[in-house]
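Convention: sequence-line order gives letters A, B, ...; per-chain numbering from 1. Being a predicted model, the structure only gives us computed values, none of them experimental. These numbers come from the heavy atoms of this one structure, side chains and all, not from hydrogens, waters or symmetry mates.
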Protein chains: 2
Amino acid sequence: MPVTIYDIAKEARVSIATVSRVLNNSSVVSEKTRLRVKKVMEQLNYTPNVIASALTKKSTLTLGLLIPDIANPFFAELARGVEDASSDFGFNIIICNTDYSSDKEATYISLLKQKSIDGFIISSAYYNDQNVVKLLKANVPLVLLGRDIDDSEGLPVDVVGSDNVKGGYIATKYLIDLGHKNIACLLGPPRIKVNLEREKGYLKAMEEAGLKVCPEAVGYGDFKIDFGFKKTLEILKGPCKSTAIFAANDLTAIGAMRAIKFLGLQVPNDISVVGYDNTVLAEMVDPPLTTVNQQMRKMGYIATELLIKRIKGERGVGEKIILDTELVIRKSAGICNGK
Amino acid sequence: MPVTIYDIAKEARVSIATVSRVLNNSSVVSEKTRLRVKKVMEQLNYTPNVIASALTKKSTLTLGLLIPDIANPFFAELARGVEDASSDFGFNIIICNTDYSSDKEATYISLLKQKSIDGFIISSAYYNDQNVVKLLKANVPLVLLGRDIDDSEGLPVDVVGSDNVKGGYIATKYLIDLGHKNIACLLGPPRIKVNLEREKGYLKAMEEAGLKVCPEAVGYGDFKIDFGFKKTLEILKGPCKSTAIFAANDLTAIGAMRAIKFLGLQVPNDISVVGYDNTVLAEMVDPPLTTVNQQMRKMGYIATELLIKRIKGERGVGEKIILDTELVIRKSAGICNGK
DNA sequence: CTGAAAGCGCTAACAA
DNA sequence: TTGTTAGCGCTTTCAG
């Protein structure tokens with residue numbers, strides 16, 4: 001029913017091979033026949049069948065994006081960058097929500113492989129993600145986005161991320177410069193490597209300033225509002241006398257702010273808060289959140305570019321691109337009024 | 001290189017037809033051979049090639065989702081519902097950001113058709129979207145999500161949305177009950193039908209209460225923060241003496257709140273604001289936004305279910321599912337203190 | 001520069 | 001219940 005290269009061939013009085021050649025911009029076709037064929041294609045309103053070509057060419061012009069949750073503004077922003085690049089380079093993307101589950105991740109991976117996608121962009125990886133290692137071993141094109149793994153068993157991986165150590169450092173340093181000495185640190189899951197790095201930055205700043213960190217004021221969580229809320233309550237009621245909090249993402253920071261208000265205290269007058277990511281939420285909350293900016297959209301874009309180049313064989317594998325990170329100063333952190 | 005049904009067939013000592021049959025759970029295979037074939041599949045770690053089967057079956061188990069912008073929390077939430085349902089039913093989804101451009105929409109549609117996707121979920125439609133009409137005419141399975149078109153030229157369309165007239169009505173009625181008489185109304189683009197409906201609800205409530213609407217206090221915009229900000233400035237400086245604002249989405253409402261604060265006024269003490277959608281942002285802003293809840297995730301899920309049923313031929317076309325809508329009362333609207 | 005023909009991996013009659 | 005055999009729409013040698 002739909003028009004195929006056979007129809008075009010017949011109408012243009014050439015073989016299907018020739019039609020295929022003009023379809024693929026093969027240079028060996030004479031200008032004259034190329035024009036003729038193109039004209040017929042227009043006339044018959046021909047549209048090539050990607051599925052059929054995929055069967056032989058083994059290329060679907062489709063990429064898979066694995067993220068924990070598209071409803072989380074951080075990942076939505078990454079996804080936008082990924083889709084922008086895909087679109088610019090003629091690819092499409094299939095989005096999968098893994099909900100932080102390795103099993104779901106594995107299921108999606110196997111499904112997408114059956115669909116012969118050309119490569120994966122993975123934002124859901126843990127530091128020793130076995131799914132990723134398997135893909136690497138199978139030599140499937142992939143790039144890690146905003147995540148890194150520790151143990152790739154010597155296999156080279158492409159990674160696009162940002163400077164998390166620096167991020168943790170500048171956030172903490174900023175609080176220190178405001179006079180804070182007891183600074184709490186709320187991290188995400190330790191299975192996600194960025195948290196270790198952000199903690200490292202935090203510790204570095206503290207150490208440099210000769211400040212000691214109160215063990216009860218440092219904790220790992222799940223990147224969600226509720227964790228920020230509960231942990232902050234715990235910390236503020238505990239022995240640490242924290243006057244400032246560095247949170248490893250905006251959601252946790254927002255939870256912290258709510259806890260502070262809940263206790264009848266003020267941000268930043270009583271307690272200062274600095275977040276991480278600079279999602280849309282940061283400028284929505286009250287007071288607007290001072291936070292470390294990750295260039296999420298750009299990260300997504302670059303990761304996709306990288307992957308596509310890899311797919312096209314334009315480059316080898318094993319590149320690490322680390323984007324810069326900077327502090328966006330809003331109103332949630334102020335001069336230390338405590339002791 | 002990868003293992004095919006031929007390898008399985010040889011190893012299991014059956015024909016490829018039989019292998020294909022067990023792959024498709026055809027009932028005519030004897031339990032014995034089925035088991036044998038399955039075992040071989042496991043042993044050889046076989047994974048079927050969806051592309052190849054798609055070529056004959058004309059089914060890719062892939063859906064296309066057209067939205068303006070995944071970075072907008074409203075659409076991200078819809079997308080999550082869509083992906084959840086897709087995943088539950090064994091489908092995947094390709095997400096496309098149209099940026100409110102009919103041209104981009106058309107480009108994506110043609111690309112996805114080339115990829116033989118099974119159907120479209122469209123959240124980017126205008127009230128007379130020609131792209132949609134064309135798809136309808138071509139009898140391509142599709143469902144409109146959170147959007148409706150006016151002129152489908154007599155062709156039946158599936159629509160999943162929510163009760164916008166009611167939404168506009170209850171938001172306005174709530175403000176009226178709080179004693180407000182001069183209520184402004186900030187809408188989205190009139191090309192998007194929901195805005196006409198929300199306006200209708202607004203007008204209905206006003207009329208019922210015997211209130212007259214001040215023409216300068218009603219305006220169409222683009223659903224963005226900036227519009228809410230500017231239009232509110234204009235209204236508050238104008239002749240209308242508005243003491244309350246109903247905005248047709250949360251972003252516009254947030255812009256309105258910013259304008260109010262910018263003028264040194266307070267929300268809700270001086271001016272009340274009610275939004276629409278109940279995105280994450282609503283609970284983030286200060287004060288938390290009273291807003292009309294649309295069950296976005298559910299809408300996305302149901303729309304996808306509907307589409308999949310349609311694809312499987314389990315039902316006809318032309319269904320309209322309208323989810324209920326309700327007011328989520330937070331802190332951005334209060335008793336009228338003005339005249 | 002162009003055409004013939006053999007697949008890509010799987011499905012679906014049709015036979016057996 | 002199972003096998004044989006044409007395709008699905010396109011790409012890609014290999015000849016010419």
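A/Ile5 places its CD1 atom 13 Å from the P atom of C/dA4, with the value rounded to the nearest Å. Atom pair B/Ile51:CD1 and C/dC8:P shows a separation of 16 Å (rounding to whole Å applied). Taking atom CZ on B/Arg21 and atom P on D/dT2, their separation rounds to 8 Å, with Å as the unit. The distance from atom CZ of B/Arg13 to atom C1' of D/dG3 is 15 Å, rounded to the nearest whole Å. Between the NZ atom of B/Lys57 and the P atom of D/dC8 there is a distance of 17 Å, rounded to whole Å. Rounded to whole Å, the distance from NZ on A/Lys58 to C1' on C/dG9 is 8 Å.
Of all nucleotides listed (C/dT11, C/dG9, C/dG3), C/dG3 comes nearest to the side chain of A/Thr18. Listed nucleotides: C/dC10, D/dT2, D/dG9. Nearest to the side chain of B/Thr33: D/dT2. In this structure, the nucleotide among C/dT2, D/dC10, C/dG9 sitting nearest to the side chain of A/Ser30 is C/dT2. Checking C/dA13, D/dT11, D/dG7 against the side-chain heavy atoms of B/Thr56 singles out D/dG7 as nearest.
In this model, the phosphate group of C/dT11 is approached by a side-chain N or O of B/Asn24 to a distance below 4.0 Å at OP1 or OP2.
B/Tyr108 and B/Asn97 are not linked by any side-chain donor-acceptor pair at a separation below 3.5 angstrom, with hydrogens and angles left out of the test.
Between A/Asp118 and A/Ser59 the shortest side-chain heavy-atom distance falls below 4.5 Å. Between A/Ile70 and B/Glu77 the shortest side-chain heavy-atom distance does not fall below 4.5 Å. A heavy-atom distance below 4.5 Å is found between the side chains of B/Leu307 and B/Ile311.
The residue among A/Tyr46 and B/Val14 whose nearest nucleotide of DNA chain D lies closer to the 5′ end is B/Val14.
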